[in-house]
Amino acid sequence: MTTAEPVTVEPAAPGSDTAVFDELESAVRTYCRRFPAVFTRASGHRMWDADGREYIDFLSGAGALNYGHNPPEVRAALIDYLLADGPVHGLDLHTGAKAAFLHRFREVVLAPRGLDHRVQFTGPTGTNAVEAAFKTARRVTGRTDIVAFTGGFHGLSLGALAASATSFKRGAAGVPLGHVTRMPYEGYAGDGVDTIDYLTRLLDDPGSGIDLPAAFVVETVQGEGGLTAASAPWLRRLAEVARERGILLIVDDIQAGCGRTGTFFSFEEAGIVPDLICLSKSISGFGLPMALVLVRPEFDQLGPGEHSGTFRGNNLAFVSATACLDRWAEPEFAARVRRNAAALEARLDELAAEFAHLGCTVLGRGLIRGLGFTDPALADRVSRAAFTRGLLVETSGARGQVLKIMPPIVTEAEELAPGLALLADAIASAAQDDVSEGDLA
C-alpha cells in the first residue's frame, strides 16, 4: 500500500487575488460573483478591498447590517464580553448574556408595543425560524397547509422553500415541495383585482378545492420578490381573515424588520398583531448569526427538543443584540431612522423623474427600496456598473428585474448622497450601453 506524499502549500497573505476561492470554494457562491473584490476592512456604510479601494455599501449584508459595519459601541461590548471569558456557545442553557437580552428586549421592544409573545430561539438562520413557525402553526391548528404569496421568499430549507415563490430557488430542492397553497400578493393580478376578496372566496367556498390552512405567512415588503410592499389596509384585512377563520398569521420580518421600514417591526404601521413573528438578519445588529420566533403564549405548544439546534445559544449575538437595543430605547432613534428614510425616498423620486424615459419607478418602503425599469435586464447592468464605480447594490425579483437599495438605516442624508450620485451615474451609463448595443445590432 502506497501513501500519497503530503502536499506542501506555502501560506499566502490575503490580497486581491481571488484564485483560492475559485480553486476551493463551492460553485454555489453568489454575491462574490457580482462583487469580485477581496474585502479586508469595513466601517459604517463603507468597505475597503485588499487594494485599498473604497466602496459605499448599499447592500448591508442582505439586511444583516442595519446599523452598519462594526458599530463602535457594539464592538466594544463584544470585546469586553470576550475578555471576561463569557461563554460563547451555550445551546439553550441559561446564560447571563441571554438573560440580559431577554430583559432588554421585553423592556424596549415587547412591552412598549403591548406584546406578550414568548421568545423561541431557533437555529441562527432566518429559514430555521420560518421552519419553527410552520411547525408551531401546524401543531396548534392540527392542519397541514400554509398559505404563502406570490413573490414571497422565506428561506432555502425544504419547508421554507416550499413557501418561497421563485422557480429558480425551488428547482434546486430535488424533491416535490408541498403543503403550501400560493395566493396572489397585493397588486399581483393588477390594480382592479382585490386579492383579499379572491383569497376569502377560495377559503369559504367548499367547491374551491382549497383546504383551510394552518397559517398565512407574509412579508410586508418582499425583499427578494422585487420590493413589492403591502399596504396597511391590505395587511389589516389579511389579519382579519386569519382571525375570523382560526388561521394563524405569521409575519416574516427577517429582512424588513429591526427598523428597516422606520419602525422596529415592519407591520406596526398597519396596527396588526401577528400570532408568530420571525426575526433574524439584523436582530444581532452586528452580522452575527441569530434568529428567533416570537409566539403568542397560548400557541407556544412545541415541547422540549421538538425544535432544537446546536447554535441557537449564540451568546456573542445576544451581547451585540442587547447593545443595539440601547439605540431603540432612545425616542429620537426611530425619528432619525424615519428622517433617513425620507431623505432616501426623496432622492429616489428625483432619480425616477430623471430616468422616466427608462420607466423608472420607486418600490418598497422605508430604507428597503427598489428601482424598477421597463427593461427587466437593466437592473443587472446598473448593479455591475455601480460596482465599477465603487458602489455595492444588488438586484431583486424572480428575474433580477429590480435594483435593490438597502443602505444601513443609520446612514444620514449627507452620507447617502455620494452613493446615490454613483447610482445615478451607473444608471445613465448602463442605459447608454444598452442604446449603443442596440445601434450595433
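At distances below 3.5 Å, at least one donor-acceptor pair connects side-chain atoms of Asn315 with backbone N or O atoms of Gly313. A donor-acceptor pair under 3.5 Å links the side-chain atoms of Arg182 to the main chain of Ala163, judged by distance alone. Within the 3.5 Å criterion, the main-chain N or O of Gly63 finds no donor-acceptor partner in the side chain of Ser60. In this structure, Arg138 contributes its side chain and Ala214 its backbone to no donor-acceptor pair below 3.5 Å. For Glu131 (side chain) and Ala160 (main-chain N/O), a donor-acceptor pair under 3.5 Å exists by modelled atom type. Judged by distance alone, the side chain of Ser26 and the main-chain N or O of Val28 form a donor-acceptor pair under 3.5 Å. Using a distance-only test at 3.5 Å, with no hydrogens or angles considered, no donor-acceptor pair links the side chain of Thr181 to the main chain of Val147. The backbone N or O of Pro71 lies less than 3.5 Å from no partner atom in the side chain of Arg75, so there is not a single donor-acceptor pair. The backbone N or O of Pro289 lies less than 3.5 Å from a partner atom in the side chain of Asn314, making a donor-acceptor pair. The main-chain N or O of Gly366 is never found under 3.5 Å from a side-chain atom of Thr261 such that the two would form a donor-acceptor pair.
Every residue was checked against the ring-ring contact (aromatic ring centres under 6.0 Å, His included) condition with Phe286, not counting sequence neighbours, and none meets it. The side-chain contact (heavy atoms from CB on, under 4.5 Å) test applied to Asp326 returns Arg104, not counting sequence neighbours. Take Ser164 and apply the side-chain contact (heavy atoms from CB on, under 4.5 Å) test, not counting sequence neighbours, and it matches Phe153, His154, Leu161. By the ring-ring contact (aromatic ring centres under 6.0 Å, His included) test, His89 pairs with Phe311, sequence neighbours left out. Ala239 meets the side-chain contact (heavy atoms from CB on, under 4.5 Å) test with Leu249, Ile272; sequence neighbours excluded. With sequence neighbours excluded, no residue satisfies side-chain hydrogen bond (donor to acceptor under 3.5 Å, both in side chains) with Glu244. Applying the ring-ring contact (aromatic ring centres under 6.0 Å, His included) criterion to Phe265, with sequence neighbours excluded, gives Phe267. Listed by chain and residue number, nothing satisfies the side-chain hydrogen bond (donor to acceptor under 3.5 Å, both in side chains) test with Thr150 (two or more places apart in sequence, or in another chain). Taking Phe264 as the reference, Trp328 meet the ring-ring contact (aromatic ring centres under 6.0 Å, His included) condition, with sequence neighbours excluded.
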(message) Run the side chain to side chain donor-acceptor pair (under 3.5 Å) test on Ser282 and Arg260 for me, step by step, so that the C-alpha distance in whole Å, both residues' side-chain angles and the decisive distance to 0.1 Å come before the verdict.
(response) CA-CA 9 Å; Ser282 277; Arg260 184 51 66 180; 5.7 Å; no

(message) For a side-chain contact (heavy atoms from CB on, under 4.5 Å) check, start with the C-alpha distance between Met290 and Phe318, then their side-chain angles and the critical distance, and finish with the verdict.
(response) CA-CA 8 Å; Met290 179 177 173; Phe318 297 152; 3.8 Å; yes

(request) Verify side chain to side chain donor-acceptor pair (under 3.5 Å) between Asp380 and Thr395, making sure each step is shown before the conclusion. (result) CA-CA 6 Å; Asp380 179 73; Thr395 61; 5.3 Å; no

(request) Could you give me the CA-CA distance, side-chain angles and deciding distance for Glu224 and Lys404, then say whether salt bridge (charged side-chain N to carboxylate O under 4.0 Å, His left out) is met? (result) CA-CA 9 Å; Glu224 304 303 317; Lys404 184 177 181 181; 2.8 Å; yes

(request) Apply the test side-chain contact (heavy atoms from CB on, under 4.5 Å) to residues Thr30 and Phe35: give CA-CA distance (whole Å), side-chain angles for both, the deciding distance (0.1 Å), then the verdict. (result) CA-CA 9 Å; Thr30 303; Phe35 309 120; over 6 Å; no

(request) Would you sort out whether Arg41 and Asp49 count as a salt bridge (charged side-chain N to carboxylate O under 4.0 Å, His left out), showing the intermediate values? (result) CA-CA 7 Å; Arg41 189 163 67 92; Asp49 68 17; over 6 Å; no

(request) Would you check, one step at a time, whether the test salt bridge (charged side-chain N to carboxylate O under 4.0 Å, His left out) holds for Arg34 with Glu394? (result) CA-CA 8 Å; Arg34 182 174 295 277; Glu394 67 167 328; over 6 Å; no

(request) Please report the C-alpha distance between Arg243 and Asp275 in whole Å, then the side-chain angles of each, then the deciding distance to 0.1 Å, and finally whether the salt bridge (charged side-chain N to carboxylate O under 4.0 Å, His left out) criterion is met. (result) CA-CA 10 Å; Arg243 183 176 59 255; Asp275 300 303; over 6 Å; no

(request) Show your reasoning for whether side-chain contact (heavy atoms from CB on, under 4.5 Å) applies to Arg381 and Asp375. (result) CA-CA 11 Å; Arg381 295 198 297 274; Asp375 177 2; 3.1 Å; yes

(message) If you apply the rule side-chain contact (heavy atoms from CB on, under 4.5 Å), what do you find for Ile250 with Val293, and how did you get there?
(response) CA-CA 10 Å; Ile250 304 169; Val293 178; over 6 Å; no

(message) One pair to check against side chain to side chain donor-acceptor pair (under 3.5 Å): Ser231 and Glu186. What are the steps and the verdict?
(response) CA-CA 8 Å; Ser231 68; Glu186 185 178 17; 2.9 Å; yes

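For the residue pair Thr195/Trp234, the side-chain donor-acceptor check at 3.5 Å is satisfied. In this model, a donor atom of one side chain and an acceptor atom of the other lie less than 3.5 Å apart for Arg389 and Ser429. In this structure, a donor-acceptor pair under 3.5 Å is absent between the side chains of Asp300 and His117. For Thr220 and Ser266, the side-chain atoms include at least one donor-acceptor pair closer than 3.5 Å. Asn340 and Thr411 share no side-chain donor-acceptor pair at under 3.5 Å.
Just one of His45, Arg339, Arg336 meets the side-chain hydrogen bond (donor to acceptor under 3.5 Å, both in side chains) condition when paired with Glu412; it is Arg336.
Using cut-offs of 30° and 60° on the angle between ring planes, the pair Phe149 and Tyr185 is perpendicular.
Leu227 places a side-chain heavy atom less than 4.5 Å from the side chain of Ile368. Leu288 is listed as a side-chain neighbour of Leu78, based on a closest heavy-atom distance under 4.5 Å.
Of all heavy-atom pairs spanning Ala317 and Ser284, the tightest one is CB-CB, 4.0 Å.
Taken from CG in Leu59 to CG in Leu392, the straight-line distance is 6.5 Å, to the nearest 0.5 Å.
No more than 12 heavy-atom neighbours from other residues, nucleotides or ligands sit within 6.0 angstrom of CZ on Arg399. With a 6.0 Å radius and a threshold of 12 heavy atoms from other residues, nucleotides or ligands, Arg106 has its CZ atom at or below the threshold. For Arg118, the CZ atom sits in a loose shell: 12 or fewer heavy atoms of surrounding residues, nucleotides or ligands are nearer than 6.0 Å.
Identified under the ring pair (Phe, Tyr, Trp, His ring centres under 6.0 Å) test for residues 338-370, with sequence neighbours left out: none. Among pairs with a residue in residues 55-84, those fulfilling ring pair (Phe, Tyr, Trp, His ring centres under 6.0 Å) read Phe39-Tyr55, Tyr55-Phe387, at least two apart in sequence or across chains.
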Let me have the donor-acceptor pairs involving side chains of residues 341-348, under 3.5 Å, with sequence neighbours excluded, atom names and distances please.
unit_1, atom_1, unit_2, atom_2, d
Glu345, OE2, Arg369, NH2, 3.4
Arg347, NH1, Glu350, OE1, 3.1

